[in-house]
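To keep things clear, I will list the structure first and then write my remarks on it.
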Amino acid sequence: MILNLHGLNGNASNTNYNLLLKKYPADMIVSPQIDYAITSPTKILNKLRQYEDIDYIVGNSFGGFYAYLLSNMCHIPCLLVNPCIPPDKYIPSFVEGYAYTDELVSFMKVYAPNPQPVYMILGMDDEILSPDYTEQTIKADKLWKIRGGHSLSGNNLFYSIFQEAIKEITNIPKTIC
C-alpha cells in the first residue's frame, strides 16, 4: 500500500495520486482528504498511523511535512514533493489563527532527528516555500531539483522524475509502524 498526502487546501486526488494510479491500482493507494487548518497534528498523525501495510508515503507541500514525520515515526521511506518543512516557518502565515504551531515544532523536534530514507523533488522556482531552505533542513537520500514552481502539475520533467523516484523507493525494505 502507498499513502499519499495532499497539501494544505489540497485534494486527495492530487497530481501525485494520479501519477501513482499509472503504476498501481486504486485499491493499493490510500489518499485521505485532510483539513489541516482545523485539525490538530496529533489527531492527523493518529489517524494516519491506523493505515496498515504501508510500503512508502508520498507527501506534497504540507502533506510532505506529515509524510516526513510519519516516515520517521513508522520507519517507512517517503517521497516528498516541495515539502513544507519546517511548517512553523510557513503555515501560520497561510492559515489565519492557526492554533497548532507549537505542536508542529514539538513533532519536528522529536521525529526529525531520526530520518528514514527520504527521496525529495524540489521545484527550484517555488514561489511559496524556499527550496534552498528545505534542502538545508532535510537530509535527502536522493534529491531531484527541477525547474518549476510550487505546483508541478503539468511539468513533464516532474512526471518522469516522479516515476523514477517511485521505482527507486519500491526497492527499499519496509518495516511496520
Side-chain angles (χ1 to χ4, degrees), residues 1-71 73-74 76-85 87 90-91 94-96 98 100 104 116-129 131 134 138 140 142 144 146-170 172 174 177:
M1 297 288 288
I2 294 86
L3 177 60
N4 176 62
L5 303 175
H6 64 80
L8 181 68
N9 302 321
N11 188 304
S13 296
N14 65 357
T15 299
N16 296 344
Y17 176 77
N18 288 308
L19 290 172
L20 288 166
L21 283 175
K22 292 182 179 200
K23 182 166 177 70
Y24 302 102
D27 64 351
M28 288 207 44
I29 306 165
V30 177
S31 191
Q33 186 67 41
I34 302 169
D35 191 340
Y36 298 111
I38 63 169
T39 311
S40 80
T42 300
K43 189 178 249 185
I44 291 169
L45 287 167
N46 285 340
K47 178 185 176 190
L48 295 175
R49 288 182 73 172
Q50 293 177 13
Y51 294 113
E52 297 180 0
D53 298 322
I54 300 298
D55 296 307
Y56 63 90
I57 308 164
V58 176
N60 186 70
S61 193
F62 200 24
F65 163 72
Y66 284 99
Y68 184 68
L69 286 184
L70 197 61
S71 166
M73 291 169 76
C74 298
I76 301 170
C78 63
L79 170 58
L80 309 177
V81 179
N82 287 334
C84 182
I85 297 176
Y90 303 105
I91 297 302
F94 298 146
V95 180
E96 187 176 330
Y98 186 74
Y100 305 109
L104 298 176
Q116 298 305 303
V118 175
Y119 292 75
M120 187 163 57
I121 303 170
L122 293 177
M124 298 310 290
D125 305 311
D126 191 331
E127 63 285 355
I128 308 279
L129 308 173
T134 303
I138 299 174
K142 183 134 186 198
W144 292 268
I146 64 172
R147 293 202 47 88
H150 189 67
S151 172
L152 295 170
S153 182
N155 183 323
N156 288 330
L157 179 58
F158 166 67
Y159 295 164
S160 65
I161 288 173
F162 187 92
Q163 295 302 333
E164 177 185 335
I166 294 302
K167 283 181 190 171
E168 289 191 28
I169 205 167
T170 57
I172 299 173
K174 72 169 186 148
C177 188

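Below, each value reflects all heavy atoms present in this structure, side chains not excepted, and no hydrogens, waters or symmetry copies.
Nearest heavy-atom pair across I57 and I54 is CG1-CG2, 4.0 Å. Residues L48 and P32 share a closest heavy-atom pair of CD2-CG, 4.0 Å. Looking at every heavy atom in both residues, N82 comes nearest to G149 through ND2-O, 3.2 Å. Residue N11 comes nearest to H6 through the heavy atom pair O-CB, 3.2 Å, listed as atom of the first residue, atom of the second, then distance. For the pair M120 and A140, the tightest heavy-atom approach, listed with the atom from each and the gap, is CE-CB, 4.0 Å. For the pair L129 and D126, the tightest heavy-atom approach, listed with the atom from each and the gap, is N-OD1, 2.9 Å.
Considering only heavy atoms from C-beta on, F158 comes within 4.5 Å of L19 through its side chain. Between Y100 and T42, every side-chain heavy-atom pair lies at or beyond the 4.5 Å cut-off. Using a 4.5 Å heavy-atom cutoff, the side chains of F94 and I128 are in contact. Put simply, the side chain of D55 does not reach to within 4.5 Å of the side chain of T170, judged on heavy atoms. The shortest distance between side-chain heavy atoms of W144 and Y119 falls below 4.5 Å. Between Y36 and L5 the shortest side-chain heavy-atom distance falls below 4.5 Å. Inter-residue side-chain proximity for C78 and L70 is flagged as unmet; no heavy-atom pair is nearer than 4.5 Å.
Judged by distance alone, with hydrogens and angles left aside, the side-chain atoms of Y159 form a donor-acceptor pair with the main-chain N or O of G154 at under 3.5 Å.
Here the CG atom belonging to N155 is positioned 13.0 Å from the CZ atom belonging to F162, to the nearest 0.5 angstrom. Of the inter-residue distances, the one linking Y51 atom OH with C74 atom SG reads 13.0 Å to the nearest 0.5 angstrom. Taking CD1 of I161 as the reference point, atom CD1 of I166 lies at 12.5 Å (rounded to 0.5 Å). Between atom NZ of residue K47 and atom CD1 of residue I34 there is a gap of 6.0 Å, rounded to the nearest 0.5 Å. Note that SG of C84 and CG of L104 are 8.5 Å apart. Values are rounded to the nearest 0.5 Å. Atom NZ of residue K43 and atom CG of residue D35 lie 11.5 Å apart, to the nearest 0.5 angstrom.
More than 12 heavy atoms of other residues, nucleotides or ligands sit less than 6.0 Å from atom CD of E127. Within a 6.0 Å radius of CD in Q33, other residues, nucleotides and ligands contribute more than 12 heavy atoms.
Considering L122, D125, L157 in turn, L157 is the only one that fulfils the side chain to side chain contact (heavy atoms under 4.5 Å, CB included) rule with I146.
With sequence neighbours excluded, the residues satisfying side chain to side chain donor-acceptor pair (under 3.5 Å) with E168 are K142.
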Name every donor-acceptor pair, under 3.5 Å, that has one atom in a side chain of residues 58-67 and the other anywhere in the protein, sequence neighbours excluded.
{"unit_1": "S61", "atom_1": "OG", "unit_2": "H150", "atom_2": "NE2", "d": "2.9"}

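Among pairs with a residue in residues 13-23, those fulfilling side chain to side chain donor-acceptor pair (under 3.5 Å) read N4-N14, T15-S153, at least two apart in sequence or across chains.
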